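The structure appears below as structure tokens.
By convention in this document, chain letters (A, B, ...) are assigned in the order of the sequence lines, proteins followed by strands, and residues within each chain are numbered from 1. As the structure is a prediction and not an experimental result, all values here were calculated from the model.
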Amino acid sequence: MPELPEVETTRRGVGPLLEGRRVSAVNVRNPNLRQPVLASLPQRLTGLTLRAVERRAKYLLFRFDNGFLIVHLGMSGSLRIVEPRTAFRKHDHVEITFDATHCLRLHDPRRFGLMVWTEEPPKDHALLRHLGPEPWDEQFSGAYLHAGARRRQAAVKNYIMDSRIVVGVGNIYASESLYRAGVHPNRAAGRISRTRYDAIVVAVREVLEEALELGGTTLRDFVHSDGEPGYFRVRLRVYGRAGEPCECQGGLIRQIVIGQRSSFYCPRCQR
DNA sequence: CTTTACGCCTGACGGC
DNA sequence: TGCCGTCAGGCGTAAA
């Protein structure tokens with residue numbers, strides 16, 4: 001499940017290998033992603049030179065001279081670069097070949113991913129228009145979260161997962177961040193102090209940065225013909241650990257459902 | 001406006 | 001062994 005660090009690691013992995021190269025072929029093997037891949041994508045892309053691979057939230061933005069290819073990895077998506085004529089795997093849905101030497105393949109078993117072409121600035125695109133700040137933006141602060149939460153009854157876990165508030169906090173790292181900040185995931189967003197929001201901001205950044213650092217060690221996997229970028233080995237302290245003792249030795253980790261999602265917390269550490 | 005429910009989809013897993 | 005039901009989850013959209 002790619003979260004922000006995985007997407008950023010993907011960007012850093014594929015960008016340097018592809019930037020400056022020209023699209024020589026596009027092969028859409030299965031267009032049925034969350035939105036259908038445009039039938040004219042091959043004609044649209046072939047011959048264009050990739051200028052940069054950028055990122056906004058969990059969207060990868062492949063910048064060409066006259067537009068952007070927006071890619072989202074959804075739940076199960078991954079990108080990798082292989083040599084021409086490498087055997088396709090099941091669920092390799094789209095292949096974009098650069099300079100006839102580098103084949104970028106989108107692999108996505110669940111097909112919650114997305115690949116769309118746009119000629120407007122990505123920030124104005126319907127998918128990105130309403131996104132809040134990146135976690136590392138100055139704007140993302142305890143004061144910002146505190147002000148935005150006034151009178152909000154929603155659980156703080158849902159609040160920090162709301163992409164209009166801040167982008168890139170997925171289900172796993174939301175639980176982990178709130179654990180580190182000592183905040184109960186079900187607490188109403190509007191009933192948390194400014195000071196505790198400061199702690200949440202620090203925790204979110206710590207968790208994401210830790211994952212990003214571990215991601216750096218897997219960059220080589222993007223060019224391995226048989227490799228999968230793989231989920232990072234961040235040590236998860238509560239996620240997926242229902243019933244296990246917390247590190248505090250004073251409680252068992254509990255699992256509850258908040259907003260249709262599994263949430264994990266320590267009843268002793270988090271209030 | 002805020003909040004909640006749902007659907008898209010496949011693989012993993014448990015029960016029988 | 002194999003079949004089947006259940007669950008997981010990002011995120012846009014519809015509905016409350």
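Taking atom CD of A:Q35 as the reference point, atom P of C:dG12 lies 10 Å away to the nearest angstrom. Regarding A:L128, its CG atom lies at a distance of 13 Å from the C1' atom of C:dG12, rounded to whole Å. With rounding to whole Å, A:H125 atom NE2 is found 11 Å from C:dG12 atom P. Taking atom CZ of residue A:R110 and atom P of nucleotide B:dA12, one finds them 9 Å apart after rounding to whole Å. The CG-C1' distance, from A:L33 to B:dC8, rounds to 11 Å in whole Å. In this entry the distance linking CG of A:L114 with C1' of B:dC8 reads 12 Å, nearest Å. Whole-Å rounding puts the A:L236 CG to C:dA8 P distance at 16 Å. Rounding to whole angstrom units, NE2 of residue A:H72 and C1' of B:dC9 are separated by 15 Å.
Here A:E119 pairs with A:R44 in a salt bridge; the nearest charged N to carboxylate O distance falls below 4.0 Å.
Within the 4.0 Å cut-off from OP1 or OP2 of C:dG10, not a single side-chain nitrogen or oxygen of A:K58 is found. Within the structure, every side-chain polar atom (N or O) of A:R111 is placed at least 4.0 Å from both OP1 and OP2 of B:dC8. Within the structure, a side-chain polar atom (N or O) of A:Y59 is placed less than 4.0 Å from OP1 or OP2 of C:dG12. Distances shown here put a side-chain N or O of A:K90 below 4.0 Å from the OP1 or OP2 atom of B:dG11. When the side-chain nitrogen and oxygen atoms of A:H91 are compared with OP1 and OP2 of B:dG11, one or more of them lie within a distance under 4.0 Å.
Note on residues 146-161 of chain A: pairs passing salt bridge (charged side-chain N to carboxylate O under 4.0 Å, His left out), not counting sequence neighbours, are A:R152-A:D162.
In this structure, A:F112 packs face-to-face on the six-membered ring of B:dC8, meeting both the 5.5 Å centre cutoff and the 30° plane limit.
With distances taken from any side-chain atom of A:Q260 to the nucleotides B:dT4, C:dG10, B:dT10, the minimum falls on B:dT4. With B:dT4, B:dG11, C:dG12 as the candidates, the nucleotide lying closest to the side chain of A:R34 is C:dG12.
Within 6.0 Å of CD on A:Q43 lie more than 12 heavy atoms contributed by other residues, nucleotides or ligands. More than 12 heavy atoms of other residues, nucleotides or ligands lie within 6.0 Å of CZ in A:R205, so this atom counts as buried by the packing criterion. At most 12 heavy atoms of other shown residues, nucleotides or ligands fall within 6.0 angstrom of atom CZ in A:R22.
Overall, the helix from B:dT2-C:dA16 to B:dC16-C:dG2 carries an axis bend of 50° between its ends, with five pairs at each end and the value rounded to 10°.
Across all strands shown, A:L127 has heavy atoms under 4.0 Å from sugar-phosphate atoms exclusively, and none from any base.
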Item to check | side chain to side chain contact (heavy atoms under 4.5 Å, CB included) assessment of A:F112 paired with A:S76 | outcome: CA-CA 7 Å; A:F112 284 8; A:S76 57; 5.9 Å; no
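Counting atom types as modelled, A:R261 pairs no side-chain N or O with a base atom of C:dA8 as donor and acceptor under 3.5 Å.
Taken residue by residue, residues 148-165 of chain A places no heavy atom nearer than 4.0 Å to DNA chain C.
Ring pair A:H72/A:Y59 is perpendicular by interplanar angle, where above 60° counts as perpendicular and below 30° as parallel.
Distance alone, capped at 3.5 Å, is enough to place a donor-acceptor pair between the A:Q270 side chain and the A:V183 backbone.
A:H107 and A:D92 form a side-chain donor-acceptor contact under 3.5 Å, judged by distance and modelled atom types alone.
A:T46 approaches A:S24 most closely through the heavy-atom pair CG2-O, 3.9 Å.
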